[in-house]
Number of protein chains: 2
Amino acid sequence: MASKITLEEVARLAGVSTSTVSRHLNGTHFVADEKAAAIEQSIQRLNYRPNLVARGLARGRTLTVGVLTQEIVSSFFNEAMRGVEDGLIGHEYDAIFASTHWERDDEAKRLASMEGRRVDGLILIHPGIDDATLDRHAQTVPMVVVGRQVNSRFVHSLAFDHGLGAQLAMEHLLELGHRRIAYIGGPTGRADADQRFTTYRHALQSAGIAFDPRLVAPGNYVEAGGLSAMTLLLDRGLPFSAVFCANDDSAYGAMLALHRRQLRVPDDVSVVGFDDVAHSAYCVPPLTSVKQPLRELGREAANAVVALIDGRKPPRGPMARLELVVRESTRALPMQSAKATSAATRQKATSRRST
Amino acid sequence: MASKITLEEVARLAGVSTSTVSRHLNGTHFVADEKAAAIEQSIQRLNYRPNLVARGLARGRTLTVGVLTQEIVSSFFNEAMRGVEDGLIGHEYDAIFASTHWERDDEAKRLASMEGRRVDGLILIHPGIDDATLDRHAQTVPMVVVGRQVNSRFVHSLAFDHGLGAQLAMEHLLELGHRRIAYIGGPTGRADADQRFTTYRHALQSAGIAFDPRLVAPGNYVEAGGLSAMTLLLDRGLPFSAVFCANDDSAYGAMLALHRRQLRVPDDVSVVGFDDVAHSAYCVPPLTSVKQPLRELGREAANAVVALIDGRKPPRGPMARLELVVRESTRALPMQSAKATSAATRQKATSRRST
DNA sequence: CTGTTAGCGCTTTCAG
DNA sequence: CTGAAAGCGCTAACAG
């Protein structure tokens, strides 16, 4: 284990003081060309790498921003994380990630750990921690929260209007002539999920369609949940020609359930998702979905923390908007079946796409 | 910005010396119950959090292991990362992640950064850096490499036998009666991809089937590549009843291409992937794939670095094996079409699943 | 058991 | 422009 070499050794070899080396390294002051060269040389020869830990202690800042996400195995969070990475390029900060697996305790622990590491700023993606706690922490370290509106003047929150997104999805379905539209929900109690559901009901109402609770099934944002939700819906035997899923992963599960019952998308039922995760452009059929520009969101978050750290006010630019990406999982309801045939009763029927 | 409080303040409030507080915190020595209580109390009152940076500098170890991955937006890498997280639970180490986006330069930079942060150990997932460089770094910091066999006695490598996996996939297809088996490759020059391809050829040979280069198309491990590869294959107009894809993402793309040409999986062509990424159980149809137990691999990697750090020899247990997970994207070739009908010429034909 | 005293490696006044 | 010296916050001998 080759011993780590230090600034002091470099200084000695170059015949200067440690402060000079430090200054040269950080460009804080001009250093005589001659000495600079000598320093450069000994750095090479010794293969010196500054100890960031010591530097962090001395400077009082670590040049790191901590990113807390719920789950690493998730295209959704990944996109945002990637955005953060992108956004940090060009700034002098590095990101370190940690995930909390939806456990509130874990979140608290990770948060503490990040603070212990003295990150200069924090980005929390869809945190579950309550506003008050967040507010408290934000008083100690610059914090931006992504995916949720936090009621605190210390934390900078970046969130989309999920209602608007759901609106887009519903309008699309309605315009295609669908009247019996089922809904597969997200985890209850989460603002974004609630918002989507509320909009689903409102949209129905605005279109003069009675809300039917039997057309909604609970989901949990993951494939398995979508699968069982759709199975439940189908088992109830009520007719519906389209389904709006609270997120893409649920939609995948729903599509598989449909497939298992020999029902075809979009011929038998149209499905629209939410998130427009990378995979959605490649599933069969490609999924119509509400795109959340997560990458961009991540980038904005990165810029915001850096601004916060620098004591600037984060630019409150016009945020990227949610938009509907129409693909092949939705189609207009054919006139003859506008009377809403029952998907359930058509199981195993032969209504195939006319070739 | 509430000022960060220090050990010293805690000590003062508790009326003891800093070392006593430190000892109590780390459990290095017994501390009188009375004082311990006082310390505990002032910690509470001041809401003290140890400064891990200072601690790291003083101890000479940071209790962190760095994890370098190629891409954060990838179910493949995610699984392994998650495994590392899991494997670290119970140990006193935290993981910090960084991704390098397949850029060799980025890799070097990140590696340097991790070393600068004085991580106690390093896990590199599918690094592109050459063996010699890896070997050099490994002499300074405990290192385990996942996904590749590194020729160095300093680095501990953990890799699967991709040849075996490919073997499994091919045997499955062959047993199902397929003779004309196409292949969609991975990025050239990468050991794992090369290994899979080689095995594809060998398996064909062993089965007495002539290798036909026109049945292989280049891919790049991502959906788009799989899509164009399959399109190319179809355009060549040669008959094939099955396709082996170098990884799952390619398979998704291939399945979409098939869908676009009105070809059905597995009725018209069977497809098998490699990796068995989480989503594969939920695509339509669920994909038959060679499972790489990445999660477990990540866990093992975590245990290995910890062992290495502690100066122990990492346990070389029997590693989890690759296995074939048979789902619904493959099926036996019906006898009558055993003479290998041309998928291409059947495009838009009506051969649908008999209902 | 506990206080005192040195550092860990680097930055940053403070004087030249 | 540059050296000396004083920390950053915590741990780890070293003496009680």
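Just so we're on the same page: letters track the sequence lines, and every chain starts at 1.
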Chemist: Could you tell me whether a side-chain N or O of A:Glu71 sits under 3.5 Å from a main-chain N or O of A:Val73, the two making a donor and an acceptor?
Modeler: yes
Chemist: For DNA chain C, which residues in residues 34-44 of chain B have a heavy atom at a distance below 4.0 Å?
Modeler: B:Lys35
Chemist: Would you say A:Thr100 and A:Asp106 are linked by a side-chain donor-acceptor pair, where the criterion is simply a distance under 3.5 Å?
Modeler: no
Chemist: Judged by atom type as modelled, is there a donor-acceptor pair below 3.5 Å linking the side chain of A:Asp131 to the main-chain atoms of A:Val150?
Modeler: no
Chemist: Please confirm whether B:Phe76 and B:His126 have ring centers closer than 6.0 angstrom.
Modeler: yes
Chemist: Figure out the CZ/C1' separation between A:Arg61 and D:dG9, and round it to whole Å.
Modeler: 18 Å
Chemist: Could you state the atom-to-atom distance from CZ of A:Arg12 to C1' of C:dG9 in whole Å?
Modeler: 13 Å
Chemist: With respect to A:Asn47, which candidate in A:Gln44, A:Arg49, A:Arg45 satisfies the side chain to side chain contact (heavy atoms under 4.5 Å, CB included) definition?
Modeler: A:Arg49
Chemist: Looking for any heavy atom pair under 4.0 Å, which part of the strands does A:Val53 touch: base, sugar-phosphate only, or nothing?
Modeler: nothing
Chemist: Heavy-atom count around A:Gln149 CD within 6.0 Å, excluding the residue itself: above 12?
Modeler: yes
Chemist: For B:His24 and D:dA12, what is the distance between atoms NE2 and P respectively, to the nearest whole Å?
Modeler: 16 Å
Chemist: Is a donor from one side chain sitting under 3.5 angstrom from an acceptor on the other, for A:Ser75 and A:Asn78?
Modeler: no
Chemist: Determine, for nucleotides 10-16 of chain C in 5'-to-3' order, which nucleotides have protein heavy atoms under 4.0 Å from the base (write B), from only the sugar-phosphate (write S), or from neither (write -).
Modeler: BBBB---
Chemist: Less than 3.5 Å apart, any donor N or O on the side chain of B:His101 or B:Gln70 sitting next to an acceptor on the other?
Modeler: no
